[in-house]
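Owing to the predicted nature of the structure, the values given are computational and were not obtained by experimental measurement. Hydrogens, waters and symmetry mates play no part in the numbers below; they use all other heavy atoms, side chains included. Letters go in sequence order (proteins before strands), and every chain restarts at 1.
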Amino acid sequence: MSPEPVRLVRVSAGTSALDALHEAGIEASGPAGAIAVRDRASRELRDLSWVPDAGADVEIVAPASPEGLSILRHSTAHVMAQAVQELFPGTLLGIGPPIENGFYYDFLPSRPFTPDDLVAIEKKMAEIIKSGQRFARRPIDDDAARAELAHEKFKLELVGLKGNASEGKSRPDEFPDEASVEVEVGAGAGAGALSMYDNLDAKTGERVWTDLCRGPHLPSTRRIPAFKLMRTAAAYWRGSEKNEQLQRIYGTAWASRDDLKAYLQQLEEAAKRDHRKLGIELDLFSFPDELGSGLAVFHPKGGVLRKEMEDYSRAKHVEAGYEFVNTPHITKAQLYEISGHLDWYADGMFPPMHLDAEYGPDGELRKPGQDYYLKPMNCPMHCLIYRSRGRSYRELPLRLFEFGSVYRYEKSGVVHGLTRVRGMTQDDAHIYCTAEQVRDELRSLLSFVLGLLRDYGLDDFYLELSTKDPGKYIGSDELWQTATDTLATVATESGLELVPDPGGATFYGPKISVQARDAIGRTWQLSTIQLDFNLPERFELEYQGADGERHRPVMIHRALFGSIERFVGVLTEHYGGAFPAWLSPVQVAGIPISDEQVDYLRGVAELLRAQGIRVEIDDSAERMQKKIRSAQRSKVPFMLIAGASDVGAGAVSFRYRDGGQRNGVPIEQAVAEIVDTVVRRVNSSPTAALYPHE
RNA sequence: GCCGCCUUAGCUCAGUCGGUAGAGCACCUCACUCGUAAUGAGGUUGUCCGGAGUUCGAUUCUCCGAGGCGGCUCCA
C-alpha cells in the first residue's frame, strides 16, 4: 500500500466539512472519497458533519486508508451492536473498538450467542446498512450521560473512569486502550468531553439507536461496503479475569467487496499452512491423548526435521565458541527457591512430587520429605555448573549451551499445536561474562542469532525491547537502567526496527526479542536475549579478576529458536510444508515409469545415500502418474523419474515441486546437483528454471 | 483456569427424530507395465472419545471426565 498524498481542504467557520468538500469539488462517496477528516491544527479526527467554530484546514480521510478502515470498522461495530440489541432486547453493551483487520463488540446477553444468532445478526446488520441511517454526534455532559446510560452498567463505568482519568485519579493501566474509543481520556484538546452517537432514520430523522462514543463515524451506514461476522468468544470485562465475562463477537469490514474477499482468501491461505494440519498430512508429529495436552511425539519424518535443525545449530554453536552441557529434568525445590522462580511462576510449574518422607508406626513424621519439581527453566542449573568450581576472568565469556527439555504447566485453554506446549526443548544458552564484556558479547550474540535464523530461511526481522514491569521485578533500579540502556544501544546498532515493549520484561532482567515475519507476513517471536544481573547475585556467582579480587559476572540468557518444537511449527508454516531440500524429511522420491526401472533407480538411490541424501523409491503397484501425485503431495523437493530411455542413456529425469521438469540428466550430474543443493543449504525450492541453458 | 462449539474408520467428513453406521482418500489383493498430479476390479478397517445415569434398548438423551477448536486471561 503506497501512502496517498495528503489532500487538504479549507473549511470555513460555520460550514460543515462535507459542504467544504463539495465546494472544493471533492466527491465524498466512493472508494477515493472521504469518510472523515482530520483537523490539521489539533490532529483530531472529525466527522464529515463537523462544523468548526473557526476556519480549519482538514485532511481527507479515505475509506481504504488505515484511519479510514478503523472508522469504517468502528461504525460497523455500532451497526452490529444495534442489530444485537434489536434482536436480543436487554443485552448490555461493553466496548466495541476497531482492531487489526476488523472489530469486535462485547455484550452481556441473557444467554451466549450461537452460530445461528450470528447469521441472524448479520442479516439484521445488512438491513440497517441498507436503510442508510445517519451517524450523528451529540455532545453530552457527565451527569446527562449517567442519566441516559443508567441501564447500561458497563457504559456507566466508563463514564466514571473517564471522570477519574481526567482528574488524574486513575492510573493508565486501569484503562484499556480499547476503551478509549468510547470515551476520551488523558491530556489534550477535548479530553474528558463525552459524546453520544445517535443513529438516525434516513427519512424521518428519528433516533433509532444510540451509543456512548467519542467517534468519529461514517456519515451513513450505507458507507459500509463489505463486512462479515467471524466468530463469537468470551472476554473479561476490561481485560481482567477478576471481572464479569462478556460475550464478544468478532467481525471484519473492508472498503470494498474485493478487499473483503482478498482478506478471506488470506485467511484460507494461512489455514492451509497450519502446522497442526500439515503435521498430520506430512506425518511429522502428533499429540496422543494418552500423553496429555500439549505433549507432542515426533514421528520419523518430524524427527528428521528436528535432527537437521539441531545438528546445524550445534555445528554453528561449536564454531561460535559455545560449550555443551546437560542437566536433569527434575530437581529439588531448593533450586527454584534460590533462583526465585518459585516466587513468581509456581502456578506455571507442574505441582511438586513430595518424596523421601518417613513416618513412624503411629503415623508420626520421622523425617520430613522434600519437594521435587519438573524443570521449567534451564538457567538455574547452568548457574550451578558455573559455580561448580572457581572461575577465572580468563575463561569468560563462558558460553554454556544445552538443548534442555523443560516442562511448564500451561493452563488448559492456552495449549496450541507446537507453539504453546507443556513439554518442550529449549535451545538454551547462558553466557557469563564481565561487565566490560557485555556490550561486545551482546553485539556478536545478536548477529549470531540473526545469522542463524537467516540460514533457516527467515530474513525479515524487527526487534522488541521489553523493559521493567514496575509490579514484577527484582534487583536495583540502577542495574535495570544499565541493562536496559546496554540492550537499547546494541539493538539500535543492529539497524533493525526497534519496538518498545514497556513492562514486558521478566522479573530478573530486560530483554530484546527478535520478531520474524514469515512468508505470508505474519510475525513470530523467536529469539530472546535477556540481560540478568540478578541470578548471578542469587547464586553468588564469582570469578577471580586480573586484579586478584573476586567479582560478580553478568549473565545473558538466550534462546534462539525459542523451543525446537515451536520452531518446527514456525518453519512448517513459513514454508507451507515445502521445506528446503536440506531440511526435507524425504529429499528425493525415485519414480519408475514401470517396474522395469525399479532396480536401476535403486542403484541411483545408493549413490545418493552414500552422500547422505534421504531417498525413497516408490515401488508400489500404482501407475507413475499416481506416484508423481503422491510425491507432489508429500512436497518432496526432487522427484527422480526413470523410464526406458533414461536407463538407455544412463540418465534420470527431474521433476520439481513447481511441476517443471528436466529430462535425460546424466546420473552423476543429477547426484551432484542434489548433493550441492543440500550441502549448500539452499532454502528456495529447486526448480528447472535454475538451468536455463539446457 | 474461564466462555462457546466440537469429538463417528489411519485422514477428511456424512448419518442415526433412541433399535450398535456410511462415503472419499489411505491400506490390502488381483489384473494392467504405463513418460510428468488419481488405471480398473475386488476387499479389510470402527469399544461412534471415556465413565455413570435414564431406558426393554444409548453412538444418539442427561450428568461427570478427557481431548480438540475459537477467543479471554496467562506465557520464566
Side-chain angles (χ1 to χ4, degrees), chain A residues 104 106 111-115 117-118 230-250 274 276-277 280-281 283 286-295 336 339-349 375-380 406 408-417 419-422 426 428 472 504-509 511 525 528 530 532 535 557 559 562 566 591-598 620-633 639-646 653-657 659-664 688:
Chain A
Y104 66 78
D106 288 343
R111 58 152 177 87
F113 298 111
T114 66
D117 293 340
L118 280 200
M230 305 301 284
R231 59 177 60 99
T232 58
Y236 299 107
W237 168 239
R238 290 175 59 207
S240 167
E241 61 184 335
K242 293 186 190 77
N243 292 340
E244 200 161 356
Q245 200 161 50
L246 306 180
Q247 296 298 315
R248 176 173 294 182
I249 302 177
Y250 284 95
D274 191 317
R276 295 166 300 184
K277 177 172 134 67
I280 296 168
E281 283 175 13
D283 196 15
S286 58
F287 294 89
D289 283 2
E290 293 81 348
L291 297 188
S293 192
L295 298 166
Y336 294 109
S339 71
H341 284 100
L342 267 174
D343 293 339
W344 301 95
Y345 294 110
D347 286 350
M349 291 165 66
K375 173 170 72 172
M377 276 303 271
N378 299 301
C379 39
V406 298
R408 296 178 180 177
Y409 183 70
E410 301 285 3
K411 288 192 279 187
S412 64
V414 308
V415 295
H416 180 93
T419 57
R420 194 81 182 268
V421 292
R422 285 180 169 172
Q426 293 184 315
D428 209 1
K472 192 176 175 182
T506 310
F507 71 92
Y508 52 77
K511 75 173 177 207
Q525 179 183 312
T528 56
Q530 277 174 273
D532 181 358
L535 279 188
H557 302 244
R566 183 160 179 278
I591 299 175
I593 301 272
S594 76
D595 286 352
E596 306 292 310
Q597 292 87 35
V598 170
S620 68
E622 299 294 341
R623 296 174 67 210
M624 59 87 71
Q625 283 87 344
K626 179 61 180 298
K627 295 182 181 184
I628 286 170
R629 180 180 151 88
S630 306
Q632 197 82 43
R633 281 161 49 118
M639 278 173 239
L640 283 189
I641 298 170
S645 56
D646 292 302
S653 295
F654 275 106
R655 180 188 161 101
Y656 302 98
R657 281 175 180 144
Q661 53 179 291
R662 285 162 63 228
N663 298 324

message: Looking only at the side chains, is there a donor atom on one of A:Thr232 and A:Gln247 sitting less than 3.5 Å from an acceptor on the other?
response: no
- request: Provide the distance between the two C1' atoms, one in B:U7 and one in B:C13, to the nearest whole Å.
  value: 12 Å
- line: Read 5' to 3' with Watson-Crick or G-U pairs under 3.5 Å, [ ] for crossing pairs and | for partners on another strand, RNA chain B gives (((((((..((((.....[..)))).(((((.......))))).....(((((..]....))))))))))))....
query: Is any side-chain heavy atom of A:Ile593 less than 4.5 Å from a side-chain heavy atom of A:Ile641?
result: yes
task: Taking only the side-chain nitrogens and oxygens of A:Arg633, find out if one of them lies under 4.0 Å from OP1 or OP2 of B:C25.
output: no
message: So A:Phe287, base contact, sugar-phosphate only, or nothing? Heavy-atom distance under 4.0 Å.
response: nothing
message: Using atom P in both nucleotides, what's the gap between B:U47 and B:C11 to the nearest angstrom?
response: 11 Å
message: From CZ of A:Arg422 over to C1' of B:G68, roughly how many Å is that when rounded to an integer?
response: 13 Å
- prompt: How about A:Arg420 and A:Arg566: do any of their side-chain heavy atoms sit closer than 4.5 Å?
  reply: no
- prompt: Roughly how many Å is it from NE2 in A:His416 to C1' in B:G1, rounded to a whole number?
  reply: 18 Å
- request: Return yes if some donor-acceptor pair links the side-chain N/O of A:Arg422 with the main-chain N/O of A:Glu410 below 3.5 Å, else return no.
  value: yes
message: Of the options B:U39, B:G4, B:A76, whose atoms approach the side-chain atoms of A:Pro112 most closely?
response: B:G4
message: Could you tell me how far B:A66 sits from B:A26 if I compare only their C1' atoms? Round to whole Å.
response: 28 Å
statement: With the side chain defined as heavy atoms from C-beta on, A:Lys511 is closest, among B:U39, B:G71, B:A76, to B:A76
- prompt: So which one's nearest nucleotide on RNA chain B is more toward 5', A:Ile280 or A:Met349?
  reply: A:Ile280
- request: Measure the shortest side-chain to side-chain distance between A:Ile628 and A:Arg655 over non-hydrogen atoms and say whether it is less than 4.5 angstrom.
  value: yes
- prompt: A:Trp344 has an atom CH2; how far is it from atom P of B:C74, in whole Å?
  reply: 15 Å
- request: Taking only the side-chain nitrogens and oxygens of A:Arg231, find out if one of them lies under 4.0 Å from OP1 or OP2 of B:G71.
  value: yes
query: Taking the inter-plane angle between the rings of A:Tyr656 and A:Phe654 on a 0 to 90° scale, is it parallel (under 30°), tilted (30 to 60°) or perpendicular (over 60°)?
result: parallel
- prompt: Given B:C75, B:G1, B:C3, which nucleotide is nearest the side-chain atoms of A:Gln245?
  reply: B:C3
task: Give a yes or no on whether a donor-acceptor pair under 3.5 Å exists between the nucleobase atoms of B:C72, that is its base, and the side chain of A:Arg238.
output: no
query: Is the closest side-chain donor-acceptor distance between A:Gln426 and A:Asn378 under 3.5 Å?
result: yes
- prompt: OP1, OP2 of B:A26 versus side-chain N and O of A:Lys626: anything below 4.0 Å?
  reply: yes
task: Using the P atom as the reference point in each nucleotide, state the distance between B:C25 and B:G18 in Å, no decimals.
output: 33 Å
query: Does one side chain, of A:Arg238 or A:Tyr236, offer a donor that lies under 3.5 Å from an acceptor on the other?
result: no
- prompt: Within the structure shown, what part of the strands sits under 4.0 Å from A:Thr506 by heavy-atom distance: base, sugar-phosphate, or nothing?
  reply: sugar-phosphate
- prompt: What about A:Gln247: does its side chain form a donor-acceptor pair under 3.5 Å with the base of B:C3?
  reply: no
- request: May I ask you to say what A:Ala235 touches in the nucleic acid, namely base, sugar-phosphate or nothing, with a heavy-atom cut-off under 4.0 Å?
  value: sugar-phosphate
query: How far, in whole Å, is B:G19 from B:G57 if one measures between their C1' atoms?
result: 7 Å
field: P-based separation of B:G53 from B:U59 [nearest Å]
entry: 13 Å
message: With a 4.0 Å limit, can you tell me whether A:Lys242 has a side-chain N or O closer than that to the phosphate oxygens OP1/OP2 of B:C74?
response: no
task: Nearest 0.5 Å please: distance from the CZ atom of A:Arg231 over to the CD1 atom of A:Ile249.
output: 12.5 Å
Rounded distance (Å) that lies between atom C1' of B:C11 and atom CG of A:Asp274: 15 Å
query: Looking across every strand, which nucleic acid part, if any, lies under 4.0 Å from A:Tyr508 by heavy atom: base, sugar-phosphate, or nothing?
result: sugar-phosphate
field: 5'-most by nearest nucleotide on RNA chain B - A:Pro376 or A:Ser240
entry: A:Ser240
task: Send over the distance from A:Arg420 CZ to B:C72 P, rounded to a whole Å.
output: 12 Å
message: Work out how far the C1' atom of B:G1 is from that of B:A38, and round it to whole angstrom.
response: 48 Å
query: Rounded to whole angstroms, how far apart are NZ on A:Lys411 and P on B:C3?
result: 13 Å
query: Hey, does the side-chain of A:Tyr236 have a donor or acceptor N/O within less than 3.5 Å of a partner on the base of B:G1?
result: yes
- prompt: Would you say A:Val421 and A:His416 make side-chain contact, with heavy atoms under 4.5 Å?
  reply: no
- prompt: How close or far is atom P of B:C69 from atom CE of A:Met230, stated in whole angstroms?
  reply: 18 Å
- request: Check whether any side-chain N or O of A:Arg276 sits under 4.0 Å from OP1 or OP2 of B:G70, and answer yes or no.
  value: yes
query: What interatomic distance, in whole Å, is found between C1' of B:U62 and the corresponding atom of B:U55?
result: 12 Å
Distance below 4.0 Å between A:Ser293 side-chain N/O and B:G68 OP1 or OP2: yes
task: Select base, sugar-phosphate, or nothing to describe what A:Lys375 touches, counting heavy atoms under 4.0 Å on all strands.
output: nothing
- prompt: Is a donor-acceptor pair below 3.5 Å formed from side chain A:Lys627 to base B:U36, judging by atom type as modelled?
  reply: no
field: Whether A:Tyr345 and A:Phe507 hold their rings parallel, tilted or perpendicular, with breakpoints at 30° and 60°
entry: tilted
What does the list of N/O pairs under 3.5 Å between the protein and nucleotides 30-35 of chain B look like, with a distance for each?
{"from": "B:U33", "atom 1": "O2", "to": "A:Asp595", "atom 2": "N", "distance (Å)": "3.0"}
{"from": "B:U33", "atom 1": "N3", "to": "A:Asp595", "atom 2": "OD2", "distance (Å)": "2.9"}
{"from": "B:U33", "atom 1": "O4", "to": "A:Asp595", "atom 2": "OD2", "distance (Å)": "3.0"}
{"from": "B:G35", "atom 1": "O6", "to": "A:Ala644", "atom 2": "N", "distance (Å)": "3.1"}
{"from": "B:G35", "atom 1": "O6", "to": "A:Ser645", "atom 2": "N", "distance (Å)": "2.7"}
{"from": "B:G35", "atom 1": "O6", "to": "A:Ser645", "atom 2": "OG", "distance (Å)": "2.4"}
{"from": "B:G35", "atom 1": "N1", "to": "A:Ser645", "atom 2": "OG", "distance (Å)": "3.1"}
{"from": "B:G35", "atom 1": "N1", "to": "A:Asp646", "atom 2": "OD2", "distance (Å)": "2.9"}
{"from": "B:G35", "atom 1": "N2", "to": "A:Asp646", "atom 2": "OD2", "distance (Å)": "3.0"}
{"from": "B:G35", "atom 1": "N2", "to": "A:Ser653", "atom 2": "OG", "distance (Å)": "2.8"}

- prompt: With a 4.5 Å limit on heavy-atom distance, are the side chains of A:Ser339 and A:Leu535 in contact?
  reply: yes
field: Separation of B:U36 P from A:Arg655 CZ (nearest whole Å)
entry: 9 Å
task: Have a look at A:Met639 and say if it touches a base, only the backbone sugar-phosphate, or nothing, with a 4.0 Å heavy-atom cut-off.
output: nothing
- prompt: Is any side-chain heavy atom of A:His341 less than 4.5 Å from a side-chain heavy atom of A:Pro380?
  reply: yes
